[in-house]
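First up is the structure itself, then whatever we jot down about it.
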There are 2 protein chains.
Amino acid sequence: MKGTPVTIKDIAKALNISISTVSRALRGMPEIHESTRTAVIKLAEELDYQPNQLAKNLAKSRTKTIGVIVPNLSYYFFSAALNSIEEAAMQAGYSVMVCQSNESYLREVTNIQNLLRGQVEGFIISLARDTNDYSHIHKLMRKEVPLVLFDRYADEIEATKVIVNNKEAAFKATEHLLENGCKKIGFLAGPPNLLISTQRLMGYKEALEKHGIAFSNTNVFHTDFTQDNTVIKTLEMMSTLNPDGIVAVSDRIAFSAMFALKQKGLRIPEDVAVVSFNNEPICTLLSPTLSSVSQPVQEMGTEVVRLLLRQIENEHKLPVETKILETNLIVRESSARK
Amino acid sequence: MKGTPVTIKDIAKALNISISTVSRALRGMPEIHESTRTAVIKLAEELDYQPNQLAKNLAKSRTKTIGVIVPNLSYYFFSAALNSIEEAAMQAGYSVMVCQSNESYLREVTNIQNLLRGQVEGFIISLARDTNDYSHIHKLMRKEVPLVLFDRYADEIEATKVIVNNKEAAFKATEHLLENGCKKIGFLAGPPNLLISTQRLMGYKEALEKHGIAFSNTNVFHTDFTQDNTVIKTLEMMSTLNPDGIVAVSDRIAFSAMFALKQKGLRIPEDVAVVSFNNEPICTLLSPTLSSVSQPVQEMGTEVVRLLLRQIENEHKLPVETKILETNLIVRESSARK
DNA sequence: GTGAAAGCGCTAACAT
DNA sequence: ATGTTAGCGCTTTCAC
């Protein structure tokens, strides 16, 4: 389609020098004479020479590309993280190939395969909701492909990861509700296999116990993250538990829960206080505005890239590392009962 | 990092045949003898042979990769579109490299440069909010790089595009408000240079005129898509126009507007009816639920990929094409005054 | 400081 | 049906 892709060969011919000299000049190698270098660079610009990355990559057997797989970019958390990942990667001269697993295990597996044959040098992965089997990840690790997990990980996977202190965050959130006078707090969880969900559940449990309230599994309702299912689970919770407070494992879940509460004619926070996770920008626009635990998305992105590039650019296998970042509870109207 | 990348050479040597035979066998060329083919494939699997895409690409000078640049993946519209783009591309054996311009002109330009050197074979672009200058796009077109614009385009760019009938959609939305008894309808627009915004404005204008209401520029307020700015503009609109209906150019803008209205103690839709564009899933969870124009995102994604691949896979330059898809107004509580 | 030549892993004529 | 030979565009020894 293009007109005439200019190559170093063309430049060499035009200047009557060898292609290796051109190559060296273009890459700024010190041994090249000043005059030839300037001549080469000048001509290259005139001809609008674009190095063929493919050839470069093949010659150096490097692609300078990393693969990113996230559940869904329509979640604010992931698109924000991707933003920061892209930025950090670009700064380091890497490109990013992103795939969405769409919360599907199968798609996660095919994504990995595709990216692998696309010759990415490493992976940044946040596991899909439906991923219970980790053989695809383990296979990656056996091949010693550089890998960093973030946010959605699994204990069975001994890989480097960047996560937040989910338990502590949920503890803070739950305690906040307790301190605001809630006595019966329900927990809207995600799928039972999702670690971030169960960890947050642990924090919830600990907060209750610290405040002398017995934890009961019947107060925990597992959603699959979809709107409809969450509404159903919330209504179930209303009829069986009738809580005066809800900790939701994500903002999206809280949105649906608040919708269900309003449908039932319940006031937030007077009848039911709500707090959740992710601090999506829209939290400030809801009525009532939604209290939420904010995660250091930007820092997570930067950190994830840093840890991945360390692996990629190191000769030998690096020890597994777990970076835990801190969260921050943002209190808004949905939980302000005092 | 990996142990030993197996190549066709290794397979050839082990089987005592030539590498071209291996290559042909692996690619299922018909002229290869059944027995040798099976032997090759068997050994390839045993050795877990992975073709080096880089070498393949260089040899065929094709990357089978397309570049996608969108303003921001945290907008539902774009992440949904990306989903469908990814899917369609994958089906056709292509990979996708995505970049977010973050609504910034500069980032859009660097994104194009990066993707270009990443050797993408074509571009799918939705312009950034801040893009007023189109020289980077024109440069692409001069190089005859396959390109399809979608959603956010510009009249000055004579490229193939996939869009919706924005004017008509806005006409429907505005007329809907009029039919619901609104007399003073304000328009919350995006930046004046954004075509989708001005087109929707046209539809708004036509609907007013059809119903015998004079259009006035003072009823149009331009936002920059940020929450804060939109709240400010809405408040301005309230004090200068005091409308009984608002057409917002996107759901995100409507969210902020509704927030501002509620702050002012106004009821939706009784005092002010609201309708917007994009039909984000969260529209059904707001109170009141938000009436919105839904766009055929999925179809747009498929179509965009189809048009791009046609360009990529065609020898000669194809004529510019504009595909206009239809929208659908979804009426919900925010505009139901009757 | 520059050039010649080999090679990255694969495909694609052109032979046989 | 299979092998031989050139590349693809670049990097990188190894000479000079």
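Chain naming here is simple, since letters A, B, ... match the order of the sequence lines and numbering starts at 1 in each.
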B/Ile8 atom CD1 is separated from D/dG3 atom P, nearest whole Å, by 12 Å

Taking CD in B/Glu321 as the centre, count heavy atoms belonging to other residues, nucleotides or ligands within less than 6.0 Å. Is the count above 12? yes

Using modelled atom types only, decide if a donor and an acceptor are shared between the side chain of A/Thr38 and the backbone of A/Glu34 within a distance under 3.5 Å. yes

Send over the distance from B/Asn52 CG to C/dG9 C1', rounded to a whole Å. 6 Å

On the 0 to 90° scale, with breaks at 30° and 60°, tag the B/Tyr75-B/Phe78 ring pair as parallel, tilted or perpendicular. tilted

Under a 4.0 Å N-O cut-off, is there an ion pair linking B/Asp151 with B/Lys161? no

As a check of understanding: the bend across the helix from C/dG1-D/dC16 to C/dT16-D/dA1, end axes from five pairs, rounded to 10 degrees, works out to 40°

Take the protein atom CZ of B/Arg62 and the nucleotide atom C1' of D/dG9, then report the distance between them rounded to whole Å. 18 Å

Comparing B/Thr21 and B/Ser61 on DNA chain D - which has the more 5′ nearest nucleotide: B/Thr21

Check the phosphate of D/dC10 against A/Ser23, side-chain N and O only, distance under 4.0 Å to OP1 or OP2. Yes or no? no

Whole angstrom value for the distance that separates P of D/dT13 from CD1 of A/Ile19: 15 Å

A/Arg107 with B/Glu87: basic N within carboxylate O range, under 4.0 Å: yes

Check this for me, if you would: do A/Glu108 and A/Arg129 make a salt bridge, where the nitrogen-to-carboxylate-oxygen distance has to be below 4.0 angstrom? no

Return yes if some donor-acceptor pair links the side-chain N/O of A/Glu121 with the main-chain N/O of A/Lys64 below 3.5 Å, else return no. yes

Base, sugar-phosphate, or nothing: which does B/Ile17 touch, judged by heavy atoms less than 4.0 Å apart? sugar-phosphate

Tell me which residues in residues 24-49 of chain A put a heavy atom below 4.0 Å from DNA chain C, sorted by number, or none. A/Arg24, A/Glu31, A/Ile32, A/His33, A/Thr36

In whole Å, I'd like the distance from the CG atom of A/Leu58 to the P atom of D/dC10. 12 Å

Rounded distance (Å) that lies between atom C1' of D/dT4 and atom NZ of B/Lys9: 15 Å

Do any N or O atoms from the side chain of B/Ser126 and from the backbone of B/Arg152 form a donor-acceptor pair under 3.5 angstrom? yes

Under 3.5 Å, is there a donor-acceptor pair between the side chain of A/His138 and the main chain of A/Glu156? yes

Between atom NZ in B/Lys64 and atom P in C/dT11, what is the gap in whole Å? 13 Å

Rounded off to whole Å, could you give me the NZ-to-P distance for the B/Lys60 and C/dC8 pair? 21 Å

Contact class for A/Ser20 vs. all strands (heavy atom < 4.0 Å): base, sugar-phosphate, or nothing? base

